[in-house]
Every structure is written in structure tokens, then in C-alpha cells.
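As C-alpha cells, the structure follows; a few thoughts come after it.
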Amino acid sequence: MEAPKIAVVGAGVIGLSTALCIVETCPSSSVTVLSDQFSPNTTSDVAAGMLIPHTYPGTPIHLQKQWFKETFTYLFAISNSTEASEAGIHLVSGWQVFKSTPKEELPFWSDVVLGFRPMSEAELQKFPQHRFGQAFTTLKCDCPPYLLWLEKRLKATGVQMYNRKVADLWELHREYDIVVNCTGIGAHQLVGDKKLFPVRGQVLQVHAPWVKNFIRDGDGLTYIYPGIHRVTLGGTREKESWSLSPDPGTTKDIFDRCCSLEASLQEAQDIKVKVGLRPSRQCVRLQREILSQGGVKLPVVHNYGHGAGGFSVHRGTAKEAARLVRECIGALQGSSSRAKL
Amino acid sequence: MRVAVIGAGVIGLSSALCIHEQFQGLVPSLELELYADHFTPHTTSDGAAGLWQPYLSDGGNLQETLWNKETFDYLLGHLHSPAAKEMGLFLLSGYNLFTEPVPDPSWKNIVLGFRNLTPKELELFPGYSYGWFNTALMLEGRNYLPWLTNRLTQRGVKFFHKKVESFQELFSQGVDVVINCTGMRSGELQPDPELQPGRGQIIKVVAPWVKHFIITHDMKSGIYQSPYVIPGSEFTVLGGIYQHGNWSEENSAQDHRTVWERCCRLLPALQTAKIVGEWTGLRPTRPQVRLERESVRQGNLQGEVIHNYGHGGFGITIHWGCAMAAARLFGSILQENRKVASSPQPRL
């Protein structure tokens with residue numbers, strides 16, 4: 001078949017990075033990105049983009065580590081290049097602190113990030129309510145810059161992007177040969193995945209340029225992540241909440257919790273409140289499916305359900321999705337050549 | 001008791017504050033005045049990036065290491081106070097890079113989390129094979145000096161915008177003790193061949209994605225002659241110039257190129273950074289800090305001088321330890337005065 005036509009649905013970090021991987025590994029294909037939201041209005045835009053993995057209960061650890069490592073290596077190279085500031089990728093050091101010593105003192109990703117080690121007594125003195133901590137250096141992907149950079153790279157390779165609400169993947173079967181579903185929380189309705197559920201996160205983005213280190217409570221609820229222009233203060237993890245409206249009580253609670261970790265945040269200015277719905281699942285849905293109606297088939301590759309860990313594994317899962325797309329292309333070419341006999 | 005501090009850089013202002021805090025309550029007659037021809041933002045301290053970091057080797061000068069430690073601990077204690085932001089005080093982590101293994105510095109246990117760099121971290125810095133990571137403090141002069149000035153003003157310390165030509169000038173006005181914090185131009189008040197300029201030139205850029213200090217070292221050339229990048233709260237300082245004996249305060253195009261090219265090679269992303277300023281300053285360099293008392297007499301004019309100058313490129317790093325030492329010297333002057341005042345007069 002001539003250039004297979006591939007539609008990637010979704011333009012958050014997963015959709016855009018998957019589209020880019022497909023372009024890189026299937027150069028003869030024609031890739032189009034379809035989404036009803038683009039940066040700065042995606043879930044990814046709310047995320048701080050810190051490379052600190054979330055653990056998926058349903059995915060083997062070695063695979064999660066592989067995805068994280070691939071993502072870290074990819075971004076590490078960009079952070080070290082002239083494109084770093086445009087792509088919004090930068091190194092940031094800091095501390096993860098625990099009120100009680102965690103069961104697992106060495107997380108699976110400790111040898112992927114840089115300089116991971118337990119905090120010294122002197123460092124812990126800065127956190128009187130916490131008894132244990134880890135210091136390390138990792139990467140941060142600021143959004144919108146990272147998404148805009150991905151969009152720019154895609155456009156440079158000829159990828160078209162359209163603002164379009166896809167109500168049903170099947171509607172794409174006439175225009176496209178393969179569909180890649182990177183719709184994040186949208187998959188709940190789009191493909192009726194009941195295993196996918198939102199975990200609502202509210203964050204504050206503030207002006208506090210003297211904060212240069214990240215601080216994260218090991219419970220994952222309170223964190224301070226310095227970005228290029230703003231510091232993200234978080235957060236919440238509200239399972240099954242679909243509300244995208246900021247809650248003022250939550251805002252105050254987040255601010256207070258973050259100030260207790262970093263007192264100087266009292267002087268933070270220009271507080272913006274954002275809400276995102278983490279597209280959560282026991283494991284990332286990263287698999288092929290064939291939709292068929294009346295003898296017509298539409299191969300689909302799903303790549304959604306990254307929950308709190310989208311940025312940390314995006315490149316790794318995008319590469320796997322691209323591999324699945326190549327398999328689909330191979331299968332289509334096989335069946336079309338059979339059809340010619 | 002009239003005390004005049006000469007100099008309004010970090011050394012002068014902090015010495016004044018330290019002395020006033022310690023003795024104003026004990027000596028109700030204490031009148032403290034501060035004289036300077038340059039105030040913030042026009043002092044040498046204003047141009048410094050503000051990173052707390054001593055030189056690599058203290059040259060066996062344990063006293064200076066102790067003053068550095070006193071300063072770090074003092075600032076660390078202020079980190080959680082509401083004043084920290086106004087003071088321009090915040091934590092900053094970063095890298096010191098070398099082309100060969102070097103001994104650990106005297107300050108390794110003063111800073112937080114000091115450790116060697118891992119091989120993967122060194123991949124970030126081609127050409128450097130060894131290094132350190134630690135968390136230190138930033139104290140930005142452009143915030144700290146106004147903060148010190150406000151504290152002094154609140155305490156009733158009087159400021160005089162004037163160039164003092166001699167110690168005698170002040171003694172003749174009735175000043176009892178002079179605190180000489182005149183930095184680079186101390187030689188104009190009293191010749192000191194040991195005090196030499198260590199000329200530095202820096203470029204200020206907007207590069208808010210840089211969250212670490214990066215200081216490279218060329219052991220053959222000497223301190224600050226190798227590129228460094230220090231992110232502040234509003235802009236990032238690029239530097240790497242140290243010219244001993246050069247008194248020029250003009251920016252040099254050649255030095256600009258040296259700093260720019262070397263820093264961009266170190267951090268390629270800097271090529272996209274916007275340049276917003278350039279500055280030259282003279283580090284008041286001396287084999288060791290001059291911090292001592294001197295009785296100065298000319299004709300029938302006499303007074304005590306406490307010298308506190310020659311802090312080179314580590315003024316901010318050492319300032320509070322020196323201010324405390326200057327205050328101790330002042331205390332000893334007070335003590336002697338009390339003894340003289342209370343000792344029995346000879347009867348004729």
C-alpha cells in the first residue's frame with residue numbers, strides 16, 4: 001500500500017510524542033493529529049512535567065523502568081542542547097521528604113535519575129516535620145513549551161494538525177488506515193473504558209523565581225516544582241472527581257501545605273489556579289485492537305491511561321505505540337498483498 | 001561614643017549592623033554613622049552574583065574558614081524567616097567542575113549535601129572529568145544591601161553620602177572609632193601594597209531555565225578564570241574573568257567574548273538567552289583579609305581604626321563572620337575605655 005494514513009487522536013504529551021515516534025519510525029506514513037484541545041488547554045498543560053515516576057500496579061516494574069529510562073535519556077539529551085530552553089526541558093535538583101521512613105527506601109527509578117542518595121542530617125533540619133528524605137536531580141518538562149516544541153517538530157515533518165472532536169473512532173475508518181488513540185481521560189467516553197477514571201489534581205502556578213529546588217512530600221500530595229517562569233505548587237489526588245473548576249478552599253490548603261515546606265512561598269505573587277484530571281488506570285492501555293463493522297476493519301493502537309506518570313514515561317510508551325503501529329502497517333500490507341493475488 | 005563606618009558595601013553595612021545590634025543597648029551614648037561615596041546599587045557588592053562559596057583552598061587560613069562557616073550558619077538560620085525573600089536569600093544547588101581530581105575543599109561540611117559527581121552527571125559537562133555537587137546559599141547584593149540599609153535606618157544610624165579623604169578628617173570631627181570597610185580603595189586612606197584589584201567582568205542574561213550554579217575550575221590559571229554560570233532570582237550571571245592588578249572598570253569587548261563563548265560552550269542552551277547587562281568590578285584582593293585594630297595618631301588627633309577589608313571574591317561568603325570579629329574588636333576598645341575611665345587618677 002502507498003503511504004499508510006495514520007490518525008493520532010489527542011494532542012497532549014502522549015498524542016504528540018506518539019505522533020513524533022511514528023514519524024521517526026514509519027517515515028513513509030502520513031500522520032495527522034486530531035484533537036478537540038491543543039496546548040495550552042490539554043491535561044498535560046496543567047501538569048508540572050516532573051520526571052518522577054508514578055508506579056502502575058498493573059504493569060511489570062522492569063517495563064515501567066524501561067519506559068522511564070528511555071524518556072529520561074531522550075530528554076537529558078535535549079536539556080543539554082541548544083534547544084533546551086525552547087523545548088522547556090531543564091534539570092532541577094531537590095528533595096523528596098517523608099514523615100515516616102518509607103517501606104521502599106530505594107525506588108525502582110533511583111539509578112535513572114542523577115545523584116540519588118539519602119538526605120543528610122543537616123539537610124533534613126530544613127524539614128522538621130520529616131524524618132527521612134532523598135536528594136536527587138531530575139528533569140522537568142515545562143508545558144506549554146514542550147508541547148509547542150513537539151508541535152513545531154511535527155509540522156516540520158509535514159504532519160497536519162486539526163482541531164476536531166472525534167465522537168467515535170469508527171468515524172475515521174474512511175479517511176485513515178490506522179488510528180492511534182491517545183485521548184487520555186477522553187477515552188472514558190470515546191471507547192467506553194470503565195477501568196479508566198479521573199484523579200483530579202488542583203495546582204497553583206505562582207511567581208517565586210528564587211525557588212530553585214524542588215521539594216516533594218513522599219505522600220505525593222504536597223509538592224513544589226520550579227519551572228522556567230512559574231513554580232507549580234500542589235496538589236490533590238481526588239479519585240473519581242470530574243470537576244474542572246478550581247476550589248478556593250483547596251487553593252488555600254495547597255498554599256498552606258507548601259508554605260510549611262518552604263516558608264518563603266508566603267511571598268509568592270500572581271497565583272494562578274489550574275485543574276487537571278489525571279487519566280488513571282491500573283496500567284497504561286498500550287495495545288492493538290481491530291475495530292470492524294460490516295467486513296471493514298480499522299486497526300487501532302491504544303496509548304492512554306498514564307495517570308500521574310504521563311511525562312515520566314511518555315517517550316517510552318510512545319516508542320512502544322509506534323512499534324505497534326508498525327505491526328499494524330505490516331499486517332495491512334500483508335493482507336493487501338494477499339488481496340492482490 | 002561616636003563611631004563612623006566608612007564604606008557601604010556588604011562589609012560596611014553588615015559591620016555597622018552587627019556593632020549596633022550588639023552594643024547600642026549596652027552603650028546608650030553610642031552614635032553610629034556611615035560614610036560612603038557609593039551606595040547600593042553602585043557598590044562592588046551589588047555586581048557580585050551573590051553565591052556563598054569560598055575559594056577552593058583556604059591557604060591554611062583557618063580563621064577565614066571559621067568566618068565563612070559563621071556566615072553560612074547565620075544565613076541558613078535566616079532562611080525560614082519572613083525576611084528571607086527581602087534579603088535576597090535562598091538555597092541554590094550546583095556543580096563545581098574540574099579536569100582532574102582535586103582534594104575536597106575546606107567548606108565541604110559547611111554546605112549541604114556535598115558529594116562527588118557521578119559519571120552520568122559528568123556527561124553533562126564534556127571536557128570535565130571530576131566534580132562536586134552541593135547545595136549552598138545565594139545572597140543577592142541588590143536585595144541584601146537595601147535590606148541592611150533599612151535595618152540600619154530603622155535603628156537610627158545616620159548615612160552620609162561623602163567621600164572621606166582621611167581617618168583624621170573624621171577624628172577631627174569628634175569621631176572616636178572608625179571602621180574601615182573601604183574595600184578596593186582602602187589604599188587611598190592608608191597605602192597597602194598587599195591590596196590589589198582582581199578585576200572581573202560579568203554578563204547578565206535572562207535564562208530562567210537554569211536552576212543550578214555551575215563553576216568550572218582551571219587549576220593552572222587560577223580562581224574565576226574559567227567559566228561560571230550563577231542563576232539569580234531575576235537574571236543569570238555569566239562570568240570567568242579574574243585579572244590581577246587590572247584597575248580598569250570599563251567593560252572589555254574581548255572579555256565579553258571570552259565569557260560568552262566559554263559559557264555557551266559549557267551550557268549550549270545559553271545561546272538563546274537574552275543579554276540584559278554587562279558589568280565590571282574590582283575584587284579587593286589581599287593574601288588575607290585585613291581585620292585588625294590600629295591606633296592612628298597624627299599631631300594631637302588620635303583615634304582607633306578597625307580595618308575590615310580585602311575580601312577578594314568572597315566578601316558575601318565571609319561577611320558576617322568578619323562583622324562579628326569587627327564587633328569583638330570594637331568591644332575590646334569599649335572595654336579599654338571603661339578601664340581608663342574607671343581607673344584611679346594619680347593624686348598630685
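Quick note on labels: first sequence line is chain A, next is B, and so on, each numbered from 1.
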Item to check | Within residues 212-225 of chain A, residues adjacent to chain B where the heavy-atom gap is under 4.5 Å | outcome: A:Lys212, A:Asn213
Next on the checklist: Within this structure, what is the CG-OH distance for the pair A:Leu91 and B:Tyr95, rounded to the nearest 0.5 Å?
Outcome noted: 5.0 Å
Item to check | Closest heavy-atom pair and its distance - B:Leu124, A:Leu114 | outcome: CD1-CD1, 4.3 Å
Checklist entry - Can you tell which of B:Ala273, B:Ala269, B:Cys264 has the highest number of heavy-atom pairs within less than 4.5 Å of chain A? => result B:Ala269
Item to check | Within 6.0 angstrom of B:Arg155 CZ, more than 12 heavy atoms from elsewhere | outcome: yes
Checklist outcome for this item: When every non-hydrogen atom of A:Pro209 is compared with those of B:Ser233, the smallest separation belongs to CB-O, 3.1 Å
Next on the checklist: Rounded to the nearest 0.5 Å, what separates atom CD in A:Gln125 from atom CG in B:Leu112?
Outcome noted: 9.0 Å
Item to check | Choice from A:Val211, A:Thr82, A:Val92, A:Ile89 maximising heavy atom contacts with chain B below 4.5 Å | outcome: A:Thr82
Next on the checklist: Need one label for B:Ser93: side chain, backbone, both or neither, based on atoms under 4.5 Å from any heavy atom in chain A.
Outcome noted: both
Checklist outcome for this item: Scored by heavy-atom pairs under 4.5 Å with chain B, the best of A:Ser81, A:Ala84, A:Ala77 is A:Ser81
Item to check | Among A:Gly94, A:Ala135, A:Ser93, residue most engaged with chain B (heavy-atom pairs, under 4.5 Å) | outcome: A:Ser93
Item to check | Heavy-atom check, side chain of B:Leu91 versus side chain of A:Lys126, under 4.5 Å | outcome: yes
Item to check | Portion of B:Glu234 that has a non-hydrogen atom of chain A nearer than 4.5 angstrom | outcome: neither
Checklist entry - Among B:Gly88, B:Ala84, B:Pro231, which residue forms the greatest number of heavy-atom pairs with chain A at distances under 4.5 Å? => result B:Pro231
Checklist entry - Minimum heavy-atom separation for A:Gly115 to B:Thr118, with atom names? => result CA-CG2, 4.3 Å
Checklist entry - Where does B:Thr135 contact chain A at under 4.5 Å (heavy atoms): side chain, backbone, both or neither? => result side chain
Checklist outcome for this item: Here the gap from A:Ser260 atom OG to B:His80 atom NE2, rounded to the nearest 0.5 Å, amounts to 10.0 Å
Item to check | Side chain, backbone, both or neither of A:Ala122 within contact of chain B (heavy atoms, under 4.5 Å) | outcome: both
Checklist entry - CG of B:Asn134 to OG of A:Ser120: how many Å apart, nearest 0.5 Å? => result 11.0 Å
Checklist outcome for this item: Here the gap from A:Glu267 atom CD to B:Glu86 atom CD, rounded to the nearest 0.5 Å, amounts to 8.0 Å
Checklist outcome for this item: Nearest heavy-atom contact between B:Lys120 and A:Asp111 is NZ-O, 3.9 Å
Next on the checklist: Counting only non-hydrogen atoms closer than 4.5 Å, can you tell me which residues of residues 205-217 of chain B sit against chain A?
Outcome noted: B:Pro208, B:Trp209, B:Lys211, B:His212
Checklist outcome for this item: Closest heavy-atom pair, B:Phe90 versus A:Trp210, reported as atoms and distance to 0.1 Å, is CD1-O, 3.2 Å
